[in-house]
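Take a look at the structure below.
Numbers restart at 1 for each chain; the letters A, B, ... are given by sequence-line order, proteins then strands.
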Amino acid sequence: MVLAMDTNYDPQQIETKWQKRWQEEKLFDADIAPGRKKYYVLEMLPYPSGDIHMGHVRNYSIGDALARYMSMKGYNVLHPIGWDAFGLPAENAAIKHQRPPAEFTFSYIERMRKQLQRLGISYDWRREIATCVPEYYRWNQWFFIKMYERGLAYRKHSRVNWCPECQTVLANEQVVDGCCWRHEETPVTEKDLEQWFLKITDYAERLLDDMQELVRWPERVLTMQQNWIGKSRGTEVDFQIAELGLPLRIFTTRVDTIFGCTAVFLAAEHPLVEKLTAASKSPERLRADAERIRNSANRARVEVNLEKDGVATGFTAVNPYNGEQVPIWLANFVLTGYGTGAVMAVPAHDQRDFEFCTTFNLPIRTVIVPVDDVGAGLKPAPTEAFVDYGKLVDSWPYSGLTSEQAIQRMTEDAEAKGFGKGTVQYRIKDWGISRQRYWGTPIPMIYCEACGIVPVPEKDLPVVLPADVKLTGQGQSPLARVPEFVNASCPKCGGPARRETDTMDTFVDSSWYFYRYTDPKIATAPVSKEAVEYWFPVDQYIGGIEHAILHLIYMRFFTKVMKDIGLVSFSEPVARLFTQGMVIKDGSKMSKSKGNVVDPTAMFARYGADTVRLYMLFAAPPEKDLDWNDAGIEGSARFLGKVYRMVAKHADELRFVESVLGKGNSLADLTAEERRLLRKSHQVLRHVTEDMEERWHFNTDVAMTMELVNELTELDSAASAGQIRPETLKVSLEVLVLVLALFAPHIADELWESLGHREPTLRVQWPAYDPELAAEEELEIPVQVNGKLRGRIRVAVGTSEEDIRQLAQADEKVAQHLDGRKIVKIIVVPQKLINIVVK
RNA sequence: GCGAAAGUGGCGGAAUUGGCAGACGCGCCAGACUUAGGAUCUGGUCCCGCAAGGGGUGGGGGUUCGAGUCCCCCCUUUCGCACCA
């Protein structure tokens, strides 16, 4: 029995029906299929905050359109999802409500999973992972120990970034403009702590080199990473402290300017400062001055362009190139953590030195002049440093050389004479991963009084995070107050020992999670080599740009370590990266404090997931920010309603008509109306196919789909009148539904079924467009006279250029503009335009 | 300050290779159907002008038969970097 389709579009009913059906049919389950081409679509895993937000919806709608397209193209598509489940918000909520973080986390995961499932994304839910379970985080510990064994994890006492809000340490990458990346209003302070670090600096060179492989990554992200790594070549030069006979090593990228050096600047925290103070004639004063400079240097973290400050130490340094003695100063702009913490001051050729030396009346000596400088005549006193490369003067024996030549020669000479060497400096520092919080992976280390630091043996992993821990958020590691956790016996000597009580930065969790998806339950190793071999690399990764130097650099680092350990055979895990824009409202980021948050679940309830997804793709191209507009989503809802009514109207009639989609329509048999409808259908198909392959402007794909619907509307009476046969109409509606299946899959499956098909659209092969059908047979060619549009002519495709010239000149309006003037030239752009130039 | 991207109707946006500027949608206007309309359908909608025509893609210049698109200068916005020696 055939029931007439309900002509009211009821998204709730349809979406529930199809989500159930998809699940029953295991439609999204992906398994290794040797010989079948695979495609791995990955979206950044969400933190389970309790509710999905529009940013997630956008991210996953983009990923799903691609995943569904690739499936229909015949690829074996892996499309997984999981939870970045450790982290501070759950711990803070736990403190506030006096309930364990695990409880919050798991209930939030439940809730968000339901919301995501309500969206109907094509995830293989069997592969879902949560990073906060021991089966997952034991491998964080395993990686940590592997790194420790290779000298890549080490403990160091150092000055670290501290967020007073988070009550924990932050990595350098997590400090943004001197504030916490999570609390943009909270200035980061400093603390001296013993911390665990991962030696990402050992990989700086490879992180840079391998960028060559990342040809499908946005330039912007690569530039940010390049800046962050901050490689610079230079020269280290040993000055001698004249009074103490001690070497003082400086780093410079401009050794060619060293004959213009009129002082040496030290960071206030430079290790030599203590010695200088001790040997000073007025140690108290120098100590106090050093303290002042240090404080001022610290302020520079938050304040930009802090005024230059400094103090003379009373000591002098000997320049090894010319034996000259110059004063040693402490300067607030010299960084401790970069280079050697000491620089030579060349005020004539470095703007900072110039400012400093001008302020403190230190001499300025020009040693570099522009290459084309004739060198004659008086020079006015400089008002700024000349920082470009040039040629050397007053730098005997190097005078006359270019900067490039001098840098090379002078570095070689320093090496030959033993007072310096060529060297490379990086801005990136090692990754501090210790966190003084509870809800994270315990660092698997044991401190034994007899044996020192001892890693937990692999067989004893995981070190399980104990439940029932009192959380205060007071800035000490909560685990330190759990004797059953802290007290351990030394794996080496069996004697009494203490466990490490800090937990790991959660960015460790997300540095390798996408490997785990390929075999999420494997218990013998973090990843299955076989599964990784098949599924990797990630073909397309999609997420926000905010992780450019955080997650996206850590993840690359981890992969390189994994390669060195022998877990994977490649250096880069992600072939192609796409960074989507934010969803904003009223011109700014959605936030509770601004009260401009649009809740996705409310939108699903009101419009259905398909409408929300369609709107996410239609409102803006995916790389741009999307300004949410309540009226705009109505349009998407209307469109889907219209599509539904249109297909429903013809469904009964077409259900048993044989589908000829993809089997070709013979051009010869078609009526003009059929020709027109099929032309549009295949044009839409062409546009969407080409766009999905490369350009990813889904907004134009949706627009084309709308144009097809408009064409169908216009031809509706022709269809009723029999000028369009049912099988032709069916082809067109099928194209419409299959294209829609990428963006609004539930309604698409419903309509596909109503057209007499059994299988879900995902299992349908993506139809190839027919170039002949898509081609226009008659063109409207605009005619310009002197570049101004004056008329249009209709010509058949293939009309000769000569005929086009004739027709154009014959056009009444065009003729008016040609009247009495001389034709200088006629430009015919085939298929496009004709321009008649007259005088 | 340095670097990058962007600037198009009332709004979101389109114009993929130098070739009809404003596709598609929102909003708005008018009409139809209707007891009703926040449903649906039809038509209109860059600006000036009755029209013919003219103007128009942040501003100014240039190249070209032809510029939103290429070049130069400037303005604005967003993002990244910001004492890295």
Side-chain angles (χ1 to χ4, degrees), chain A residues 7-8 176-177 218-221 223-224 226-228 230-232 234-235 250-255 257 265 297 300 303-308 331-335 337-346 349-353 355-356 387 425-428 545-546 548-549 581 614-615 618-621 623-636 638-639 641-642 645 687 690-691 694-695 697 699-707 709-710 713 716 780-792 813 816 824-838:
Chain A
T7 48
N8 285 320
V176 179
D177 291 334
E219 200 52 50
R220 200 152 63 113
V221 172
T223 307
M224 283 167 75
Q226 230 160 42
N227 292 342
W228 185 256
K231 177 181 180 174
S232 63
T235 313
I250 60 104
F251 172 73
T252 179
T253 55
R254 290 297 304 273
V255 70
T257 65
F265 296 156
E303 277 171 59
V304 279
N305 293 329
L306 194 75
E307 218 165 278
K308 302 253 176 315
N332 66 344
F333 69 92
V334 179
L335 304 169
Y338 184 80
T340 61
V343 300
M344 64 176 188
V346 184
H349 305 295
D350 180 284
Q351 190 56 28
R352 297 153 300 186
D353 296 344
E355 285 164 25
F356 191 98
V387 298
Q425 288 291 334
Y426 297 94
R427 201 183 92 117
I428 192 171
I545 186 95
E546 67 273 15
I549 52 159
L614 189 77
Y615 177 63
F618 179 60
E623 72 279 5
K624 280 188 59 171
D625 284 352
L626 183 157
D627 203 340
W628 179 273
N629 180 329
D630 288 328
I633 193 172
E634 295 276 353
S636 295
R638 272 205 291 264
F639 173 68
K642 190 170 173 179
R645 285 190 303 277
H687 179 97
E690 285 171 358
D691 191 74
E694 199 55 41
R695 216 168 65 115
H697 276 198
N699 54 329
T700 65
D701 300 336
V702 176
M704 286 299 278
T705 314
M706 289 170 169
E707 285 187 34
V709 170
N710 291 345
T713 306
D716 195 51
E780 193 180 63
I781 298 197
V783 183
Q784 296 181 339
V785 178
N786 283 350
K788 286 194 187 294
L789 183 69
R790 295 303 181 190
R792 296 163 197 279
K813 275 203 175 159
Q816 277 172 29
V824 180
K825 189 169 173 187
I826 298 178
I827 291 123
V828 179
V829 186
Q831 319 274 313
K832 290 274 189 188
L833 169 143
I834 171 164
N835 188 12
I836 303 171
V837 187
V838 295

For [X] and [N], give me the distance from atom [atom1] to atom [atom2], rounded to whole Å.
X      : N     : atom1 : atom2 : answer
A/D177 : B/C83 : CG    : P     : 10 Å
A/K788 : B/A52 : NZ    : C1'   : 15 Å
A/Q831 : B/C20 : CD    : P     : 14 Å
A/D625 : B/U77 : CG    : P     : 17 Å
A/L614 : B/G12 : CG    : C1'   : 14 Å
A/I836 : B/G66 : CD1   : P     : 15 Å
A/R790 : B/G54 : CZ    : P     : 4 Å
A/I633 : B/G27 : CD1   : P     : 13 Å

If you assign each of A/Y615 and A/R638 to its closest nucleotide in RNA chain B, which residue comes earlier from the 5' end?
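Looking at RNA chain B, the more 5' nearest nucleotide goes with A/Y615.
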Please compare A/A619 and A/E780 by the position of their nearest nucleotide in RNA chain B and report the one closer to 5'.
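By nearest-heavy-atom nucleotide position, the 5'-most residue is A/A619.
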Considering only atom [atom1], compute the distance from [N] to [M] and round it to an integer number of Å.
N     : M     : atom1 : value
B/A5  : B/C70 : P     : 11 Å
B/G58 : B/G49 : P     : 24 Å
B/G27 : B/G12 : C1'   : 11 Å
B/A82 : B/G3  : C1'   : 11 Å
B/G10 : B/A6  : P     : 23 Å
B/A52 : B/C46 : P     : 15 Å
B/G1  : B/C47 : P     : 39 Å
B/U57 : B/A15 : C1'   : 11 Å

Could you please name the option among [options] that lies closest to any side-chain atom of [X]?
X      : options             : value
A/R792 : B/G27, B/C20, B/C41 : B/C20
A/A703 : B/A85, B/G54, B/C24 : B/C24
A/L335 : B/A85, B/A14, B/A21 : B/A85
A/L833 : B/U42, B/C83, B/C20 : B/C20
A/F618 : B/C79, B/C24, B/C41 : B/C24
A/T253 : B/A85, B/U42, B/C20 : B/A85
A/H697 : B/G13, B/C41, B/A14 : B/A14
A/P621 : B/G25, B/C81, B/G13 : B/G13
A/S232 : B/C26, B/A85, B/G13 : B/A85
A/V837 : B/C41, B/A85, B/C65 : B/C65

Applying the Watson-Crick and G-U wobble criteria at under 3.5 Å, what pairs with [N]? Answer none if nothing qualifies.
N     : value
B/G1  : B/C81
B/A21 : none
B/C33 : none
B/C70 : B/G62
B/A51 : none
B/A39 : none
B/G7  : B/C75
B/U16 : none

Under 4.0 Å between a side-chain N/O of [X] and OP1 or OP2 of [N], yes or no?
X      : N     : answer
A/K624 : B/A6  : no
A/N699 : B/A14 : yes
A/R220 : B/G3  : no
A/N710 : B/G25 : yes

Classify the glycosidic conformation of B/G9 as syn or anti, calling it syn when the angle lies within 90° of 0.
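Nucleotide B/G9 adopts syn.
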Report yes if the side chains of A/Y615 and A/V702 come closer than 4.5 Å at any heavy-atom pair, otherwise no.
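Of all side-chain heavy-atom pairs linking A/V702 with A/Y615, none is under 4.5 Å.
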Within a strict 4.5 Å, meaning less than it, do heavy atoms of the A/Q784 and A/I827 side chains meet?
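The answer is no; the side chains never approach within 4.5 Å.
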Smallest separation among heavy atoms of [X] and [Y], with atom names:
X      : Y      : result
A/N227 : A/R427 : O-NE, 3.4 Å
A/A620 : A/D625 : CB-O, 4.0 Å
A/M224 : A/A548 : CE-CB, 3.5 Å
A/T340 : A/F251 : OG1-N, 3.5 Å

Between A/M704 and A/D691, is the side-chain contact (heavy atoms from CB on, under 4.5 Å) condition met? List the steps.
CA-CA 11 Å; A/M704 286 299 278; A/D691 191 74; over 6 Å; no
Counting distance alone, no hydrogens or angles: does the base of B/C65 have a donor or acceptor under 3.5 Å from a partner atom on the side chain of A/N835?
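Under the 3.5 Å cut-off, the side chain and the base do form a donor-acceptor pair.
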Using a distance-only criterion (donor-acceptor N/O pair, under 3.5 Å, no hydrogens), is the base of B/C20 paired with the side chain of A/K832?
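No, no donor-acceptor pair under 3.5 Å.
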What nucleic acid atoms does [X] come within less than 4.0 Å of, heavy atoms only: base, sugar-phosphate, or nothing?
X      : result
A/T713 : sugar-phosphate
A/H349 : nothing
A/V346 : nothing

Has A/N786 got a side-chain atom pairing as donor or acceptor with A/V838's backbone, closer than 3.5 angstrom?
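It does hold such a pair.
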Is the positively charged end of A/K308 above the ring of A/F356, judged by distance under 6.0 angstrom from the centroid and angle within 45° of the axis?
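Output no; distance or angle outside limits.
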